[in-house]
Amino acid sequence: MGKQGSPRGRRVENQDLDISFGVKEHEFRSLDMQHGGYPPVGRRLSGGEFKWDKVFLAKGLKNDSAKFTPSKGVYVGKRQMWWLHRHIRSIVFTLLLMGFLYLLDSLLFSIFDPVMLRNNFSLQGSSKTEVDMVPRAVKEDPVKLYERLLNLADSSLAEREFKQESSKLWEEPYPQASSWKPCADKASPHVVRAGKPRNITGYILISANGGLNQQRVAICNAVAVASLLNATLVIPKFLYSNVWKDPSQFGDIYQEDYFMDMLKDEVNIIKELPLNLKLLDVEAAGSLITDADLSKEAKPDEYIKNILPLLLRNRVVHFLGYGNRLGFDPLPYELQRLRCKCNFHALKFVPKIQQIGSLLVRRIRKYDFARSTLDKQLLGNLIPHVPLGSNHHGAEGPSSKYLALHLRFEIDMVAYSMCEFGGGETERRELQTYREAHFPLLLERLKESKPLSPEELRMTGKCPLTPEEAALVLAGLGFKHGTYIYLAGSDIYGGQSRMQALTTLYPNLVTKENLLTSSELAPFRNFSSQLAALDFIACATSDVFAITDSGSQLSSLVSGFRTYYGGGHAPTLRPSKKRLAAILSRNKTIGWHSFEGKIRKMIDEGQRLHVRGLGRSIYRHPRCKECMCRH
């Protein structure tokens, strides 16, 4: 670069200014030449329009101004006026184009973000402090945060109402799913036949904790362990839980005789321990086994090494609080098959539950006959069977389908997640109080490590879906406004106000409390596990099952049941919480068409046909050689 003030140096600097300032540079220079030079530092022109005079001078032009003589100033001024007249049309066109683009941008913004537009109108005349508070208020209210998308969903559903609904919504997308058939109950050449000595080691007592679904898993694992140790299983007991508050025992939920008969060729099962062993102090004898004495998802070797010697010595062991204490792999073929047989064949609900369960299904569907193998397996002979191909339809004909939604948004799930859901300080205090009462160990663990923020938890898929998010997923998939939805569990955190978005989009949403009379529900009122059994039936027999938390035991067991007996005609919708959080993070700008495409892609990938992977639950993923046969 040449010396300052040289022709070469001045030419380069002027070129830089042309690029940086364009037309306004020339307007500024020609206007100021009328006053004999450049404006001083900090000077404003009319209305404070030119605020960049400091930057202008920083380019070195203040040094050049000293070199202008009066004659040079006149010459330069005339030259600038000549340039201005020559390019006046280009300048006007540029200004008009910029104005048009600005108006177009404002118009598009008002169309696609009406919520923000309303906020802007409401803030006219507000102080700066009030305006600054708005982003925080929006951040603390996800219901309002999704208001724009919910409005778009409502418009989309209104347009779709009179169009023919896609049948693909009610079918599994992969025809090869129907090639898998149930066969865990088929005789195996390795099964110990009747007459061969069994129960040569002792007796196994089980006290299962948790709710209905945790207890179901514990029962099937206990059957496998009894077979592994060649012991007799006593019908499991259920521990009373301060959370579930249900005194129900095995015989209140499952048919005991059917259970024993179905497994009689493989495991000895009795209802009560022999009298002489009832008097044994199991704890003093060292035969009381708690979860602390067994590894989580323990391997068979651990049972043979640590439990079998106690069984041989004392003739009895008692598993207290038996939970998830038997792994899935590696496990012998016969033990895996036995667990499948127990879960999918041996555990039948008692007639009282089947009867009320059949009422639920018939009242949602509005007709009285069984349609699938799922109906017959869960409801037995309490729902009439109509052969396939018959032309029986209910009052609403073949359209009487329903979707079951397991919306896992109860206070225990919400509190345990450590996420925030828009309730502000009131919500934070309420959930913290619940954690202190029910999850003290969780709070102790959090003290030892730096917890993730609520935003980080949401983006990593750790937060349960809210009712608003569930509504958006269903709308994005294309389910119509009039779709019948059965809601499993009705004690949603936040109550009716939290459910407003979902019930607005889908008013035909029902629960067992809506469908059953007070007298029909009375025998189940104080028995949460029996009420959960009704939800299990209604979800498993639904035309479509939608889950919001894949880690839930009810969702896992129901989806596995539908895979086992569904014959490829029982779709389950599994949103990815992590992917959905990423999609919804763009809720202020994303178009509805783009939102629908992303939701459908996410669900489609969750429905892909998979065989059971290594270490995966056999109750949730029964497509494997131990449970199902492929034709």
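Side-chain atoms are counted along with the backbone in the values below, which use heavy atoms only and exclude waters and symmetry mates. Residue indices begin at 1 and follow the sequence shown.
- Judged by distance alone, the side chain of S497 and the main-chain N or O of G494 form a donor-acceptor pair under 3.5 Å.
- Side-chain contact annotation: Y619 with N221, donor-acceptor N/O pair under 3.5 Å present.
- A donor-acceptor contact shorter than 3.5 Å links the side chain of Q214 to the backbone of G211.
- With rounding to the nearest 0.5 Å, the separation of OG in S358 from CG in L378 is 11.5 Å.
- With respect to R612 and D329, a salt bridge is recorded, a charged nitrogen being found less than 4.0 Å from a carboxylate O.
- Within 6.0 Å of the NE2 atom in H593, the count of heavy atoms belonging to other residues, nucleotides or ligands does not exceed 12.
- For F479 and W170, the distance between ring centers is under 6.0 angstrom.
- In this structure the side chain of F595 reaches within 4.5 angstrom of the side chain of L472, judged on heavy atoms.
- Sulfur-sulfur distance for C419 and C463: below 2.5 Å, consistent with a disulfide.
- Separation of atoms NE2 (H481) and CD (E159) is listed at 13.5 Å; rounding is to 0.5 Å.
- Counting all heavy atoms, side chain and backbone alike, L331 lies closest to P300 at CD1-CG, 3.2 Å.
- Side-chain contact check for F238 versus D246: every heavy-atom pair is 4.5 Å or farther apart.
- Using a cut-off of 4.0 Å between Lys/Arg side-chain N and Asp/Glu carboxylate O, K264 and E266 are scored as not salt-bridged.
- S555 and R574 form no side-chain donor-acceptor contact under 3.5 Å, judged by distance and modelled atom types alone.
- Remark: the backbone N or O of Q176 is paired with a side-chain donor or acceptor of S179 at under 3.5 angstrom.
- For N514, the CG atom is densely surrounded, since the number of other residues' heavy atoms within 6.0 Å is greater than 12.
- Put simply, CD1 on I603 and OG1 on T572 are 10.5 Å apart, with the number rounded to the nearest 0.5 Å.
- Classification of the Y564-F344 ring pair by plane angle, with boundaries at 30° and 60°, yields parallel.
- With hydrogens and angles ignored, the 3.5 Å screen pairs no side-chain donor or acceptor of R365 with any backbone N or O of Y402.
- The closest donor-acceptor contact from the side chain of Q255 to the backbone of F349 lies under 3.5 Å.
- Heavy atoms from other residues, nucleotides or ligands lying under 6.0 Å from NZ of K598 number 12 at most.
- S542 places a side-chain heavy atom less than 4.5 Å from the side chain of R562.
- Across all non-hydrogen atoms, the minimal contact from T541 to L374 is CG2-O, 4.1 Å.
- Between I219 and C342 the shortest heavy-atom distance is CG2-SG, 4.1 Å.
- Remark: K181 NZ is packed, more than 12 non-hydrogen atoms of other residues, nucleotides or ligands lying under 6.0 Å away.
- Annotation: E171, atom CD; neighbour count of heavy atoms from other residues, nucleotides and ligands within 6.0 Å is above 12.
- Between W180 and C624, the shortest heavy-atom distance links the atoms CZ3-N, 3.7 Å.
- Put simply, CG on D535 and CG on L212 are 9.5 Å apart, with the number rounded to the nearest 0.5 Å.
- With hydrogens and angles left out, the side-chain atoms of T466 and Y493 include no donor and acceptor closer than 3.5 Å.
- Other residues, nucleotides and ligands contribute more than 12 heavy atoms inside 6.0 Å of the CG atom of D185.
- Checked by atom type and distance alone, the side chain of K352 never pairs as donor or acceptor with a backbone atom of D252 at under 3.5 Å.
- Side chains of Q377 and Y565: a donor-acceptor N/O pair is present below 3.5 angstrom, by distance only.
- Using modelled atom types and a 3.5 Å distance limit, the side chains of E334 and S227 yield no donor-acceptor pair.
- At least one donor-acceptor pair under 3.5 Å links the side chain of T503 to the backbone N or O of M499.
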Let's go through H610 and H621 carefully: what are the C-alpha distance in whole Å and the side-chain angles of both, what is the deciding distance for side chain to side chain contact (heavy atoms under 4.5 Å, CB included) to 0.1 Å, and is it a yes or a no?
CA-CA 8 Å; H610 297 292; H621 304 281; 5.9 Å; no

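- The distance between the ring centers of F421 and F409 falls below 6.0 angstrom.
- Between the CG atom in L407 and the CE atom in M413 there is a gap of 10.5 Å [rounded to 0.5 Å].
- Looking only at side-chain heavy atoms (C-beta outward), Y322 and V225 come within less than 4.5 Å of each other.
- Taking the side chain as every heavy atom from C-beta outward, R363 and L516 approach each other to under 4.5 Å.
- Side-chain contact between I235 and M260: present, with at least one pair of heavy atoms (C-beta onward) separated by less than 4.5 Å.
- Using modelled atom types, one side-chain atom of T548 and one backbone atom of H406 make a donor-acceptor pair closer than 3.5 Å.
- Counting only heavy atoms from C-beta outward, the side chains of I253 and L347 never approach each other to under 4.5 Å.
- Considering all non-hydrogen atoms of both residues, A226 and L233 come closest at CB-CB, 4.0 Å.
- Using a 4.0 Å cut-off between charged nitrogen and carboxylate oxygen, D549 and K577 count as a salt-bridge pair.
- For the atom pair CD of Q355 and CG of L360, the computed distance is 11.5 Å after rounding to the nearest 0.5 Å.
- Between the side chain of Q336 and the backbone N or O of F328, at least one donor-acceptor pair lies under 3.5 Å.
- No donor-acceptor contact under 3.5 angstrom links the side chains of R148 and N587, judged on distance only.
- Here the closest non-hydrogen pair linking R623 and E172 is NH2-OE1, 3.8 Å.
- One N or O on the side chain of E302 and one on the backbone of S295 form a donor-acceptor pair closer than 3.5 Å.
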